[in-house]
A.B. asks: 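Sending over a structure as structure tokens; questions will come in a sec.
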Amino acid sequence: MNKLLKLLIVISLPLGLFAQTKEKPQVPPDTLNQKVDRPINYDEEKVPAYHLPDLLTCANGHKVTGKKEWANIRRPELLELFTTQVFGRVPGTPYQKTIRVVKTDPNAMNGAATLKLIDITIVAQSKSLTIRLGLFTPNKATKPVPAFLLICNRAPKNIDFSRIVKSEFWPAEEVIARGYAVAAFDNADVDPDQDDGFKNGIHGLLDAGRSSESWGTIAAWAWGASRCLDYLVTDKNIAPDKIAVVGHSRGAKTALWAGATDARFAMVACNEAGCGGSSLSLRRFGETIYQINRNFPHWFCGNYKYYGENEDALPFDQHMLLALIAPRPLYVASAEQDLWGDPRGQYLALYHAVPAYHLFETKSGLPEVMPSVNQPVISGNLAYHIRDGKHNLLLKDWNFFMDFADQVLTKK
Ligand code: GTR
């Protein structure tokens with residue numbers, strides 16, 4: 001091989017520029033039953049060569065070139081792939097939903113906001129469950145405002161609606177000060193974060209027999225986010241077409257799936273979603289599909305386990321999940337020390353989602369080179385930052401999200 005060709009391959013491989021589409025794989029053996037303890041790779045040099053499945057090439061080989069084909073053919077195909085292979089399908093069990101505003105305090109945050117507590121009760125198969133949604137709207141607003149909904153995957157004190165405890169994880173005062181409404185719910189209200197055989201939470205209400213395609217806990221939380229949205233779009237203080245969903249880590253995987261499955265979410269802010277969320281699995285850097293399914297067997301559907309230690313069989317990668325948000329605004333955020341979540345893999349996934357955005361408009365382009373720490377890139381409807389420090393959701397992240405929302409939601 002001549003030198004120039006060799007150099008081209010070395011430069012192109014990390015970005016997966018030699019992309020190709022793969023057929024759906026044969027079901028490989030369930031590697032979870034074998035004891036695999038491969039060391040986790042944190043070395044960029046050891047990232048294997050990989051071929052990213054092509055975002056715009058349909059299963060039948062047809063290459064999508066326009067937004068109509070994307071919306072009618074390729075996007076539904078990818079949505080189905082992520083439904084059957086990663087997150088699982090929501091059962092069609094009928095249920096009743098009642099929404100009740102149980103408390104209103106027009107003088108919250110020393111008069112800066114109005115607090116509403118909303119109970120969303122779901123009844124099915126003689127069982128019931130209530131999701132408590134907390135919402136602050138800014139009192140100084142003269143018209144309906146954009147809103148942020150946080151899927152809280154941490155202890156409820158992080159979203160303390162009484163504001164006795166304040167946490168950067170949900171900096172409600174700062175969000176209100178910038179003119180946004182801010183809402184949150186505890187994901188445990190929807191489904192416990194436990195491998196409980198899907199007996200409890202919303203699975204206990206809606207499941208009627210399970211298969212390898214049945215929904216896992218992340219899909220359940222995303223479903224819960226949509227039930228919160230059912231209320232938020234009716235609140236007269238909120239602009240119903242300007243509601244962003246925000247999540248951190250497992251909550252960010254959830255936010256991505258909520259945005260993918262519910263187009264009413266006008267923006268997704270995905271903070272450090274990592275494996276199964278915003279980072280490319282084919283890089284096998286940090287957490288792997290095998291590890292995540294071993295440690296959290298309840299998060300995804302059964303089929304996802306087949307790809308553990310078997311990434312080459314993947315007919316998709318996470319750039320395709322990000323592309324399901326297109327053309328809506330999408331913010332992907334990483335943290336410098338969060339190597340488990342593979343920051344570079346997160347940036348590359350976003351970079352490779354760009355072709356879907358380009359079917360709609362060309363302003364959303366991203367540089368090939370990852371931006372420096374604490375230097376957000378905002379480009380049309382796409383944004384990215386890598387914050388200094390550890391795996392966490394901090395005020396700094398929220399401020400960057402709000403800078404983006406100022407452009408893509410408020411000014412819209
Ligand atoms: C880790 C998990 C990650 C991420 C994280 C979190 O243990 O391996 O995928 O979701 O938890 O949610 O904080």
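In each ligand, atom 1 is the first atom listed, and ligand 1 is the first ligand listed.
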A.B. asks: Under a heavy-atom criterion of less than 4.0 Å, does H248 contact ligand 1?
C.D. replies: no

A.B. asks: I'd like to check R344 versus R283 (side-chain heavy atoms, cut-off strictly below 4.5 Å). Are they in contact?
C.D. replies: yes

A.B. asks: Using heavy-atom distances only, which candidate in G247, G251, S249 approaches atom 13 (O) of ligand 1 most closely?
C.D. replies: S249

A.B. asks: Any idea which part of E287 is under 4.0 Å from ligand 1, heavy-atom wise: side chain, backbone, both or neither?
C.D. replies: side chain

A.B. asks: Is Q291 in contact with ligand 1, taking contact as a heavy-atom separation below 4.0 Å?
C.D. replies: no

A.B. asks: More than 12 heavy atoms of other residues, nucleotides or ligands under 6.0 Å from NZ of K363: yes or no?
C.D. replies: yes

A.B. asks: Knowing that exactly one of W257, F185, Y95 qualifies, which makes a ring-ring contact (aromatic ring centres under 6.0 Å, His included) with W223?
C.D. replies: Y95

A.B. asks: Tell me if the centroids of the rings in F316 and Y307 come within less than 6.0 Å of each other.
C.D. replies: yes

A.B. asks: Quick one: nearest non-hydrogen protein atom to atom 11 (O) of ligand 1, plus distance?
C.D. replies: R250 NH2, 3.0 Å

A.B. asks: Just to confirm my output: which protein heavy-atom neighbour is closest to atom 1 (C) of ligand 1, and how far is it?
C.D. replies: W340 NE1, 3.9 Å

A.B. asks: Apply ring-ring contact (aromatic ring centres under 6.0 Å, His included) to Y180 and list each qualifying residue two or more places apart in sequence or on a separate chain.
C.D. replies: F148

A.B. asks: Please write down residue, atom name and distance for the protein heavy atom closest to atom 7 (O) of ligand 1.
C.D. replies: F296 CZ, 3.4 Å

A.B. asks: Assign the ring pair F401 / W398 to parallel, tilted or perpendicular, where the plane angle (0 to 90°) is split at 30° and 60°.
C.D. replies: perpendicular

A.B. asks: Does ligand 1 have a heavy atom under 4.0 Å from the side chain of I292, from its backbone, from both, or from neither?
C.D. replies: side chain

A.B. asks: Over 60° means perpendicular and under 30° means parallel, so classify the ring planes of F161 and W170, tilted if in between.
C.D. replies: perpendicular

A.B. asks: Could you tell me, atom by atom, which parts of ligand 1 come under 4.0 Å of a heavy atom of W299?
C.D. replies: 9 (O), 10 (O)

